[in-house]
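Worksheet: the structure to be examined is printed underneath.
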Amino acid sequence: MTSPITSLLLLGASGDLAGRLLLPALGQLLDAEPERQGVTLVGAGSEDWDATTWQDRLRTSFASAQVSSATVDAVLATTRYEKCDVTDSAAMGALIASCPPAPAIYFALPPAVTVKACTGLQGVPLPAGTALVLEKPFGLDHASAASLNALLAELVPESQVHRVDHFLGRSTVLNLIGLRFANRLLEPVWNATHVESVDIIFDEQLTLENRARYYDSAGALVDMIQSHLLQVLALVAMEPPARVDELEMRDSMAVALRACHLWQDDPATAGRRARYTAGSVDGREVPDYTAEPGVDPARQTETLAELTVEIANWRWAGVPFRLRSGKSLGERRKEVVLTFKQVPHLPGGLTGSSTPNQLRLLMGPDRLALELTVNGPGDPMELDHVSLETDLRAGRLPAYGEVLAGVLDGDPLLAVRGDSAEQCWRIVDPVIQAWRDNRAPLEAYAAGSHGPEGWV
Ligand code: NDP
């Protein structure tokens, strides 16, 4: 694929995302693939920085990722920083015109500022091939995501819009695709006839980590389930694509999401929510969530969310897909678990129980575990359980390095397509409303526990 992208215009270059994640990942990408060093990096933001301040920031970010001095020198030789109010259409027009065409414009900005900046671009001629890179959250609900999509569609074709989902790196996505579709053994049982339930879990030991400004108005449902775990669900549930490319893959994922609806169509019971109280995680004392700086207890923000959905199609009807994510939990657990139905008949004479087979796909680092029932040692009539496990191949780059590689290659394979972004909001919007209306209880769990009493 030949890409027209020759410059990376980083808006919000003085912000946290840029400094902590994007610039280090860019350095690692350029280290791993030096042929990309011809891309010009232009930083922009509201800070009035001179060349030295910008270069110091780059050096610091690159040092945090142990980027080689050859790459640092190559970037510093061509990069520059411009002070610019990104909501000022004329200033943005001049800035974009000064970048080698075609630029990839990365909106590392507060979401409301991104919307204003995109609105301002309506009057700006964009070079052919310009890519627009948008961070999460993409919209605040279905209606705002749809209107942002309509705005973007006026600016560039959909294939040039990258809605970033850094959660699943390229290698994790491809590991899942390879496992599902390159094994004769698995695909025939990957359906409601054989699968009892699917769990997609992202439990963190991390606490709020000073992110109250963003997190306290988002919560676990929007922060993780709406934006990331529904994309994982789409990969697990989709029909086999003819090719691994952005068109086939994203079509298949969109079809799965369109078939997805809340369990029993009841927003009050399809979701559960809880908030952590004081406790201890891995030996660290954690205060009550509501005592964290910047938290407004009246918002009733959940730090643990669970959503159950059904995919109403021939393959999956009747199978609950449970998506769960939370903070300050006792165990770090990031995995997709397919639980298979019990065998229809266990031959008489065998003793012990045959537990359901499970296929577990662990994420970051990627691993695979297949839980089987076998004859145990000693008395061969007695059943036992084993887990067959293997590591899956890790990617060369951090997740944001893979995001940037996709952007620079003009390949949105890993980006969320506009219709899918809207579908994810369509699925969760009624639950958010039910929680706002207090139609579901906000439960409590002690930091360091496995969640509230009674949750699996
Ligand atoms: P920050 O608030 O740290 O940074 C935002 C940047 O935008 C600042 O450099 C700010 O400059 C700049 N900015 C704001 N208004 C303007 C303007 N009118 N003109 C020019 N520059 C402006 O936010 P983050 O970096 O944390 O987040 C950016 C985006 O990335 C958000 O959408 C967030 O949800 C997303 N994200 C962030 C992650 C993170 O870990 N930080 C992780 C995943 C996604 P100034 O401060 O000088 O106003």
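Numbering of ligands and ligand atoms starts at 1, following listing order. Only heavy atoms go into these numbers, but all of them, side chains included; no hydrogens, no water, no symmetry mates. Values in this document were obtained by computation on a predicted structure and should not be read as measured data.
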Candidate with minimal heavy-atom separation from atom 31 (C) of ligand 1, of D48, L109, D85
L109
Atom 15 (N) of ligand 1: which of D223, V113, T87, D88 has the nearest heavy atom?
V113
Closest heavy-atom approach to atom 10 (C) of ligand 1 among P111, A218, S46 is made by S46
With a cut-off of 4.0 Å, which atoms of ligand 1 are near a heavy atom of A108?
5 (C), 6 (C), 7 (O), 28 (C)
Going by the order shown, which atoms of ligand 1 are within less than 4.0 Å of some heavy atom of S14?
8 (C), 9 (O), 11 (O)
Heavy-atom contacts with C84 under 4.0 Å: which atoms of ligand 1 show up? List them by number with element.
19 (N), 20 (C)
So L134 and L152, side chain to side chain contact (heavy atoms under 4.5 Å, CB included) or not? Walk me through it.
CA-CA 10 Å; L134 287 102; L152 295 170; 4.0 Å; yes
Hey, does Y400 sit under 4.0 Å from ligand 1 if you only count heavy atoms?
yes
Does the pair C118 and T114 meet the rule for a side chain to side chain contact (heavy atoms under 4.5 Å, CB included), with working shown?
CA-CA 6 Å; C118 289; T114 297; 4.3 Å; yes
Quick one: do the R80 and S98 side chains pair a donor with an acceptor below 3.5 Å?
yes
From atom 37 (C) of ligand 1, work out which of D16, L17, L11 has a heavy atom at the shortest distance.
L17
Parallel under 30°, tilted from 30 to 60°, perpendicular over 60°: which one fits the rings of Y81 and W49?
tilted
With a 4.0 Å cut-off on heavy atoms, is A44 in contact with ligand 1?
no
Nitrogen or oxygen atoms of A18 and ligand 1 under 3.5 Å apart
no
Any atoms of ligand 1 less than 4.0 Å from a non-hydrogen atom of G45? List them with their elements.
20 (C), 21 (N)
Quick check for you: to the nearest 0.5 Å, what is the distance between E33 atom CD and Q37 atom CD?
11.0 Å
Between D56 and T53, is any side-chain donor less than 3.5 angstrom from a side-chain acceptor?
no
At what distance is the nearest protein heavy atom to atom 36 (N) of ligand 1, and which residue and atom is it?
E135 OE1, 3.9 Å
Main-chain N/O of A220 paired with R273 side-chain donor or acceptor, under 3.5 Å
no
Would you tell me which option among A117, G43, P137, G12 has the nearest heavy-atom contact to atom 12 (C) of ligand 1?
G12
Please determine, by modelled atom types, if Q160 and T130 share a side-chain donor-acceptor pair under 3.5 angstrom.
no
Part of R20 within contact of ligand 1 (heavy atoms, under 4.0 Å)
side chain
Looking at atom 23 (O) of ligand 1, is any protein heavy atom nearer than 4.0 Å to it?
no
Hey, does R272 have a side-chain heavy atom less than 4.5 Å from the side chain of P452?
no
Per-residue contact class, R213 against ligand 1 - non-hydrogen pairs under 4.0 Å
side chain
Return a table of donor-acceptor pairs under 3.5 angstrom between the side chains of residues 276-289 and protein atoms on other chains or two or more places apart.
unit_1, atom_1, unit_2, atom_2, d
Y276, OH, E292, OE2, 3.0
T277, OG1, Y445, O, 3.3
R284, NH2, Q205, O, 3.4
D288, OD1, T290, N, 3.0
D288, OD1, T290, OG1, 2.6
Y289, OH, D216, OD1, 2.7

Using the salt bridge (Lys or Arg N to Asp or Glu O under 4.0 Å) rule, take R396 and D31 through it: C-alpha gap first, then chi angles, then the decisive distance, then the call.
CA-CA 11 Å; R396 280 186 310 152; D31 249 359; over 6 Å; no
Element-labelled atoms of ligand 1 that are located less than 4.0 Å from some non-hydrogen atom of P110
5 (C), 7 (O), 14 (C)
Donor + acceptor pair across side chains of T172, D366 (<3.5 Å)
yes
Among protein heavy atoms, which sits nearest to atom 19 (N) of ligand 1, and what does the distance come to when rounded to 0.1 Å?
V86 N, 3.1 Å
Test the K136-F167 pair against the cation-pi criterion, namely NZ or CZ under 6.0 angstrom from the six-membered ring centroid and within 45° of the ring axis.
no
Would you mind checking which non-hydrogen protein atom is closest to atom 4 (O) of ligand 1, with the distance to 0.1 Å?
G15 CA, 3.3 Å
Any N/O of E47 closer than 3.5 Å to an N/O of ligand 1?
yes
the protein heavy atom lying closest to atom 35 (C) of ligand 1 turns out to be K136 O, 3.5 Å
